[in-house]
Structures are given as structure tokens and as C-alpha cells.
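For the numbers below, each heavy atom of this structure counts, side chains included, while hydrogens, waters and symmetry mates do not. Letters A, B, ... are given to chains in the order of the sequence lines, protein chains preceding strands, and every chain is numbered from 1. Since the structure is predicted, the reported quantities are computational estimates derived from the model, not experimental observations.
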There are 2 protein chains.
Amino acid sequence: MSGERVYLYDTTLRDGAQTQGVDFSAGDKAAIARELDRLGVDYVEAGWPGANPTDDAFFAAPPKLARARLAVFGMTRRAGRSAENDPGLQAVLGTGCEVATLVGKTWDFHVEVALGVTLDENVRMIAESIAHAAKRNREVLFDAEHFFDGWRANKGFALDCLKAAQDAGARWIVLCDTNGGTLPHEIEAVVGEVIKTVPGERLAIHCHNDTGNAVANSLAAVRAGARQVQGSLNGLGERCGNADLITLIPNLILKMGYATGISAADLKHLTAASRALDERLNRAPDRAAPYVGESAFAHKGGMHVSAVAKDPRSYEHIAPELVGNRRHIIVSDQAGRSNVLAQLREVGIDIAAGDPKLARLVDEVKQREFVGYAYDGAEASFELLARRALGTVPEFFKLLSFRVLDERRWNAKNELITLSEATIKAEIEGERLMAVAEGNGPVSALDAALRKVLTPRYPTLAEMRLVDYKVRILDPQSGTGASTRVIIESADSTNARWSTVGVSTNVIDASYNALHDSITYLLLRNGHAA
Amino acid sequence: MSGERVYLYDTTLRDGAQTQGVDFSAGDKAAIARELDRLGVDYVEAGWPGANPTDDAFFAAPPKLARARLAVFGMTRRAGRSAENDPGLQAVLGTGCEVATLVGKTWDFHVEVALGVTLDENVRMIAESIAHAAKRNREVLFDAEHFFDGWRANKGFALDCLKAAQDAGARWIVLCDTNGGTLPHEIEAVVGEVIKTVPGERLAIHCHNDTGNAVANSLAAVRAGARQVQGSLNGLGERCGNADLITLIPNLILKMGYATGISAADLKHLTAASRALDERLNRAPDRAAPYVGESAFAHKGGMHVSAVAKDPRSYEHIAPELVGNRRHIIVSDQAGRSNVLAQLREVGIDIAAGDPKLARLVDEVKQREFVGYAYDGAEASFELLARRALGTVPEFFKLLSFRVLDERRWNAKNELITLSEATIKAEIEGERLMAVAEGNGPVSALDAALRKVLTPRYPTLAEMRLVDYKVRILDPQSGTGASTRVIIESADSTNARWSTVGVSTNVIDASYNALHDSITYLLLRNGHAA
């Protein structure tokens, strides 16, 4: 256990944004940056201004971070330009960011084939760009693209590029395994050589997962002396992804004893940080993810379970609480019960472990999870389910019926128009009420009609608004007969937020269930009696 | 590059069967065993007779394999029994299997806490069980459970267990990192010590992925001299899974130069073998899987794409064809003209880089991405967009109007029911057609009505089915005015799949757009003229 400090550099928002199917808005980027800051990484690389409008918007109004330093990414100057007059460099240094990471080539083949410049000009491009950024008081990182391929092809040239960057004032030299094809023992050997030129406290490692070794490669570089590790949340990144910081962090801290900016208390936030990213991307979290996956500490029945009951070390390499995860005992009443108890305490409901109502609630949760409900991202629905089982939720209104009509047709001006209209009939304290409303989609129409019916009696609903709406098909192989899960996030005038869930084979029906929970939760919280 | 022979032992059907949510039938097991045989692994561990009825059924009528040897798994004898009279051992040796793998404990803590027997008795249990199986002409493997934990706790005892197995005639000694908590450098060091007692050609390694290092750990053991590697297809296995053979195989062959039972021609079957398992499990394949994932050779950034076009080695660590995978060029807002050009070539459209139609298409793609379309993940819609820009997509039908009605109400039996009904009016070759259909949600009703209208004229549509449906709210902060993106995946009778996208503030409208593209794509592909 070394105790030495290793720095963590996150590139979810830049390299991770290259992931197929990922498309961050500037708002997403700000929220993820704050999440990373909360976790305790040292650097958050946020994007490449000048390369796309999203990143320009982000850097125009960057989020304030408490601990992490925001880094801006860009290229070293182009061939034939001065660093001062290079528009790309100007865009990068024009941001207020105190940390700048500039990428340059270190593989002779790439310099000659992709760039088409001489090796000498490439070295000058690096030296002048780094010097220019350093002069402008930036902490500068030099991203040595394709370094390991470059080392294999032309060791002398690859090293000359690093030396040029170091001499020009780069704080960190980042060794990138850009194509991801290098194995751990090769990384360890190369870093062991490079460190004779660039000291470990200035060496960073940046790995990709094309051989399934991004984590091991990063650890191998640290063992060889590199003191900065780059990666992304959940291993986001193009092709097979970048080194997964969520896996690397506990390996570095718990297994190898390195110090990072992440305290033991921060580390308990690891599982939440991983799931928050998936939630934002509307992805199902990877159950088998090391440390943070739902199955990472799951034990199937039989021998393993009884051994774990005797001593968790039997089949657990660490205590799951250290990383904010939980043990799951599959097909076991005891476990379900303690999970549910723990969740109840979280929402402030105290109930004795032996209360028969608890057993009924556990059964109800299991039954609902079986048909597709998920209470992990829908705490308000869980709380309602629990309070209903304890008999403390009034019925604020009774739905008699609803009808939603969506139409697409040509209007009188020969324009194709779409409209949605919802009608609701409900009963409140014996009184029958009905309303009709339009919306720019079936769910917004339904939401509008529901509030039109209810607001006269419950004025607090006027402040409520939908802030997010997610749909996931649970068993896509069933085609159009598949179950659909809708998760709705709502907010009130104070911007307090709560999430609810609905499940049905019909997306409108599932949405109604989630809407109903959302309204009930707000009324209950605001102390309404039915 | 060593050229030495490394043996591959697959445990998908035994350890992999412990995966949460996986439940193989005997028929599944036979099909997967044949798939593994086709790929060229040396051993297929198929199950544990006596432990469950599925495995009994499997071993009662095992599949005939051409190259791989079938292995049966079981425990060493229980404490206080003779090997001859142990019912578990009898069940294992009662199968006709020529290879038997017997697991025993090698961690003193586990022997004492979980088993509750003396260390000496544990060594006898191993020795007598192995000797008994070897006498019955089996090739015997000794599975040293928790070996690395055992080594850390009591090196002498752990080694005594291995020696007992070796002396009793075990062909292979399998070092298991049962809890998966060991790091590559530790594995390499321990194997380096063990090999002084058990020669490398009798040493096997069995790793779990709890630190994200199962692949690296297996490679580290091979580097230290072990000559058998155990793992599973796609890393199936409990908790975080076993070492992934699909990743290990190309690492061993292409990167480290070892010889296995897999020829260069067999290796081209790797991607198919991985996808076949997912297909059987009804799982979406992991796009980011090393070597075989759909994204493993996908290129998104504009610069990357133009460099790959010049020379694929620029951003590819191996040629994708070696493992039966292929290159994908993705269109996204990161993309410039070279991405669009490359993507066009991929779908078989040849257009000159200077063609003004290309510039218009690039603008159109950017414009559509700005309002929320995403072609990364919806290649069929991209192809249609491109072909429309080139003027080669006929209008197979003209939508006049649709209307979708969703209703929730109490029926005559006082049950709450929900129903969805869609009406469509369309025109084909001047003929007005209309249809009405029900569905278990608005999209399935719309889909059904659309096909009812079109199928008489385009019978090929009868084979098309929806296999996935995804919804994402693009700007949740806009509340119910938010844009919605729908991505639909469809399949035909040959299970060919294609994805399309639709965007609108109205989810039904967005779904219709994606459905329309999906139908148009199929008709176009099948050579229909309007």
C-alpha cells in the first residue's frame, strides 16, 4: 500500500462524447461536471470549443466547481501557422479555463500519412503550442496521441515529441494508447522506459478498451510510476470505450492503497455517480459492472448464500458499502425484507422488522418488480407504495375515465398538422368533474386535462411541472406486446424534484400511472387531506 | 510471439449458468456446446449432474462434438465419506464424460468456517477424490477454489492442496480467483511461485471480473507460464462475470502469438459466436465489446474518419475481418463531409466528393440533427435521407390522415380497461384506402393500422415486426413542450434488422415518422417500385 497521490482526470464530456449513441447537450455537460466534482476527481475535461456549437455554449457559461479543475481540449497548432495566429488554439485559450490539454501526434506514420508534414515540423508544432499556452498562464497537458504505436515504430521520434512538450512547459505528458491495442505488460515496460526522460509525477496514462484491458493498462502504468490516470464514467468512449474511472477508482484506493482526491466518504458516492450517468443517458445500468453493478455483490441461493451469511469475505472481495453498493441475496425473503426496511428508513418511515405489514409490502414490491416496476429511480412511487401498505395515503380523486385522441391530418391551408386532445372524468368527494385539454403530445394533453380537473380543488397543482419523461421497453423481444416503463420527473415552484414510475403494455396507461403517483405525492407532501 | 500451445476451457454452461437472469435448458446447452465446438475451444464444461435436473438431462444425451472434449463438473468427496461411496462423485463419474473437473477448497479460512473440517481432512478429500476419478480413466482437473485468497492467508496449506491433487494424478491444476479480487501483477507473481511446484503445462487459470481485470489476470497467468485459460462466452458468470473468452482468444492469438485449437479461419467466426449467445439469451449485444462489438471498429469524429479512409491502421488496432467483425462509419454532429461520404459508401451509394448534392445532404443532416434527429443508431433513416437527397426514393404511399384513440374506463364488469385504436387513411397510386386496428398501445395500434392499409399492395410487410422501440426526451427542461426522439428497430423474416428515427414534440407523430421510414426502407430494399 503506497499512500502516494495519484491524480484523476475525467474525459467523459470530451472523449466519452464520442460514444456511439451519446449526444450531450450543454446542460447535460454541466450536470455531469457537477456530479464529477461531487465525486472528487481532480480534472474535468469538458470539451473542444471551436469543434462544435454545444462545446462553445458550454464554455461560454461553465459551471462553478468546488474541487475539480475544468480542462479545455484542443489541438496543437496546424502546420504552417504560428501558435499565436492559429484559430483552433485561439478558441481553446479564449475560454477562461485554467487547464488546457493540447493533443499532438507522436507516431511517425501518422505524422507523415494523416498530417502530411515533416517530423521536425511536428515537433515544432508541439513545442510552440505548449509554450504559447503556458505563457498565457495555463496549466498545460500534452496529449501524446498514438504514443504506444509511435514508440513501437520510432522510439527516438516519439520521445523527442515528449521532450519538446516537457521543455516547453507542459505540466503533464499524457501517454495515449489511442487505438487501444496495447497489452498491460507492454504498457508497464514502455512507461518504465519513458520515466527515465519524463518523471512519474509529470506522466499521465490514457487508455482505450479495445483489448478489454483499459483498466489493467492504466494500473500497469501507475505501477510503473505514472501519477495521473485518465478515464471516463462507466467507460464511455468511442469504439470499446475509455478506461472506466468507476472501476479504476476503487482499484487504486482500496486495492493498491493510493491517495486520490476522493475521500472514504466520497467513495460511497461511486455507485450513485455511475447510475446517475446511465439515468441521464436513458441507459439500463450494466448489472455486471465491477464494484457498482446491481449483480456485483449478488449471491444466488444455496452454498454461496449460507457461506456469505457466515462471513461475507467468503464470496465478496470487498464490503459493498465502501463503494455505496449493496449486497443482493437472490430469491431470499430475508434479503428482500432488509432491503425494503433500509429503503423505508431512507424515506423516513419507521416500521418494526417483525410487523406483518412489512411482509405484505415486501411481497407487493416483489410482485411489482416482477411485472417491470423499478423503484430505484422512482423514490416517490416507492414511498407511496409503502405508505399505501401502511394505510396512510388518501385517495385524492377517483378517475372515472380518460380518452386521448391524436390526429394527423391536412388542415384547410393544406398543411400537415398533428393535434392531441385529452378528456378526463373524475370524482372528488362525490362530485363528478370533467375537463378537456389539448397538448403537443398525448401525455402533455393528459397531464393538462388532469390538472384542469384537479386544480380548482387543489390549487397547489398549478405550480407542478413535468421536467423529464423517460420510456423504456422492458422486453423488446415481445415486439408491440412489450411492457413499457415510464418514469416521470416532476418539480414544484421551489424546484424540488420527485420521480414516479408507471408500467403497462400501453405507454399512455403507463404514463397515466406515473402522473397519478406524481400528483398524489405532491398533494400528500403538501399536507392535503382528501 | 511465442507460438506455444495454450488450451482453452469454456465454462459458459456451468459457471456462466450462474449469471443473474440466465436459465439454460438442456437444449440450449447442447446448441451452445456445438457452437463452442465449431469455434474450436478445447474443453466445454457442460454442467454439474446431481446438482440440477437440467444437467442430468443434458448428460443423459450429450451432443456429439467434433473437436472439443466435454467436461463434467462436481465436488471432491464430502468429509467423512469414502470417494467410492460419495453420491456426488458417483453422479459425476456416472456420466460418460472423459473429462472430470473436481472442485475443492484451498483457503484455510474457508475450510474451517464454511466446511468446518480440519486442514488435513481437506487435503485427503482432494487426494482421494482425484485418485478415484483418475483410476476410472478420466482426464481429471482439480479446481482450486479461492486459491489466491488461500495463498495470501496460508501459502503452505494452499500449496499442499495443489500437490495432493497433482500427486493423485490430476492432469490440470486450476488456480481459481473465486472472489475476483486479485489484480494482474499479483496473479503474475503468485503463478510465478506456484510454477516451481506445478509445471506450467499442468497449470490452468480461472478468473472473475470483480475488479474489471479478468482478461488481464488470465493473460498475466499465461505470461507467468500457465497453459490453460478458463472463461466464458461474452464473460457470462455470476456477479461481474467470468473472464471473457471472446476477448481472450484474439488477445492470445493475434496479440501474443500463442497457438490454440482455433485456426485463422475459425477466428473469423468469433463475432458470430458472440452474437449467437446473445441471440439465444434474448439480450442486446454489447456494442462496445472488444473485438466483436458493433462499435468496436466504429468511427465517429470527423478527423478520425478521414484518417481511417487514408489508412485503417490510423485508428484500428487490428483488421476487423480477422475476427469476423466490420468497420462502421457513424454520422453525427461531430461529423463532417468525410463521415457522410464514408457512410454513403457503406450503404452502397457512390457520389463524388465535389458533388453539390453532397454539400446539400451534409447541410440537411446538420439541420436535422439540430432539431433532434440522431442518425448514429438509425442507419436506415440515414440511408433514406441520402437517397431522397439524390432523388431515388419513391413515395410508396401518401398518408392522408391518421387518428389514434386511447381510452381508459370501467367496463360493464366494473373492471378498469385500457384500449388503443388507430384509423388510417392513405392513398396508393390514386386509390384511397382506409383501415382501423387495435393495439395494446397507441404505437402498436398505429403500426397495425398502417400495415392493414399497406399489406394488400405490399405483401412483404406481413413479415416485418417491431423489435425495439426507444423514446428520449431531448430537452426535458422544456417540460411538455419538449421534443421527443423515437428510435424503432425492425426485423424481417430472415431476422435482418434496421433502425429508423423520428422526431416531434408529439410522441405519436415521432413514432409515425420512424414507422414510415422503417416501412419505406423495407420496401426499397426489397426492390418495390411505387
Side-chain angles (χ1 to χ4, degrees), chain A residues 18 20-21 23 113-114 179-181 183-184 210-213 215-216 238-241 247 251 255 282 288 290 295-296 298 300 307 310-311 314-315 317 401-409 418 420 439-442 444 465-469 471 473 476-477 479-481 505-509, chain B residues 18 20 113-114 179-181 183-184 210-213 215-216 239-241 247 251 255 282 288 290 295-296 298 300-301 307 310-311 314-315 317 330 374 376-377 401-409 418 420 440-442 444 465-469 471-473 476 479-480 505-509:
Chain A
Q18 302 283 327
Q20 198 172 349
D23 193 13
V113 169
N179 290 6
L183 295 185
D210 298 77
T211 72
N213 284 294
V215 164
E238 64 184 325
R239 302 193 313 270
C240 307
T247 307
N251 279 339
K255 298 274 170 182
N282 198 11
S295 299
K300 268 194 177 176
K310 282 183 190 164
D311 192 319
S314 289
Y315 290 98
H317 69 118
S401 69
F402 69 67
R403 199 167 61 218
V404 185
L405 185 76
D406 296 284
E407 197 168 0
R408 183 196 264 206
R409 60 176 166 78
T418 313
S420 297
N440 49 21
S444 80
R465 65 190 197 282
L466 254 66
V467 290
D468 201 4
Y469 173 76
V471 180
I473 306 301
Q477 64 277 14
T480 53
T505 54
N506 182 324
V507 64
I508 304 296
D509 210 35
Chain B
Q18 302 285 324
Q20 203 174 340
V113 169
N179 290 5
L183 295 185
D210 297 77
T211 72
N213 284 294
V215 164
R239 302 193 315 271
C240 308
T247 307
N251 279 339
K255 298 274 170 183
N282 260 331
S295 299
K300 186 167 172 179
K310 282 185 190 160
D311 191 319
S314 290
Y315 290 99
H317 69 119
I330 300 157
D376 162 4
S401 68
F402 70 67
R403 200 167 60 218
V404 184
L405 185 76
D406 295 284
E407 196 167 0
R408 182 195 264 208
R409 59 176 167 77
T418 314
S420 297
N440 50 20
S444 79
R465 64 189 199 282
L466 254 67
V467 290
D468 201 5
Y469 174 77
V471 180
R472 169 136 202 233
I473 307 300
T480 52
T505 54
N506 182 323
V507 65
I508 304 296
D509 209 35

- Message: So which residue, Pro442(A), Gly180(A), Pro184(A), ends up with the most heavy-atom pairs under 4.5 Å with chain B?
- Response: Pro442(A)
- Query: Which heavy atom in Gln20(A) sits nearest to a heavy atom in Ser295(B), and how many Å separate them?
  - Reply: OE1-OG, 2.5 Å
- Message: Which heavy atom of Ala216(A) sits nearest to which heavy atom of Ala216(B), and what is that distance?
- Response: CB-CB, 3.2 Å
- Any residue meeting side-chain hydrogen bond (donor to acceptor under 3.5 Å, both in side chains) with Arg408(A), in chain and number order, not counting sequence neighbours: Asp509(B), Asn513(B)
- Measure Leu405(A) against the heavy atoms of chain B and call it side chain, backbone, both or neither at under 4.5 Å. both
- Message: Asp406(B): which residues meet the salt bridge (Lys or Arg N to Asp or Glu O under 4.0 Å) condition with it, sequence neighbours left out?
- Response: none
- State, with a plain yes or no, whether a side-chain heavy atom of Asn251(A) is found less than 4.5 Å away from one of Asn213(B). yes
- Item | Distance-minimising heavy-atom pair for Ser401(A) and Arg409(B) | CB-CB, 3.7 Å
- Task: Under 4.5 Å, counting heavy-atom pairs only, tell me which of Gly212(B), Ala296(B), Gly241(B), Ala114(B) racks up the most with chain A.
- Result: Ala296(B)
- Highest number of heavy-atom pairs under 4.5 Å with chain B: which of Thr418(A), Asp210(A), Val113(A), Val215(A)? Asp210(A)
- Task: Verify side chain to side chain contact (heavy atoms under 4.5 Å, CB included) between Ile508(B) and Ser420(A), making sure each step is shown before the conclusion.
- Result: CA-CA 9 Å; Ile508(B) 304 296; Ser420(A) 297; 5.8 Å; no
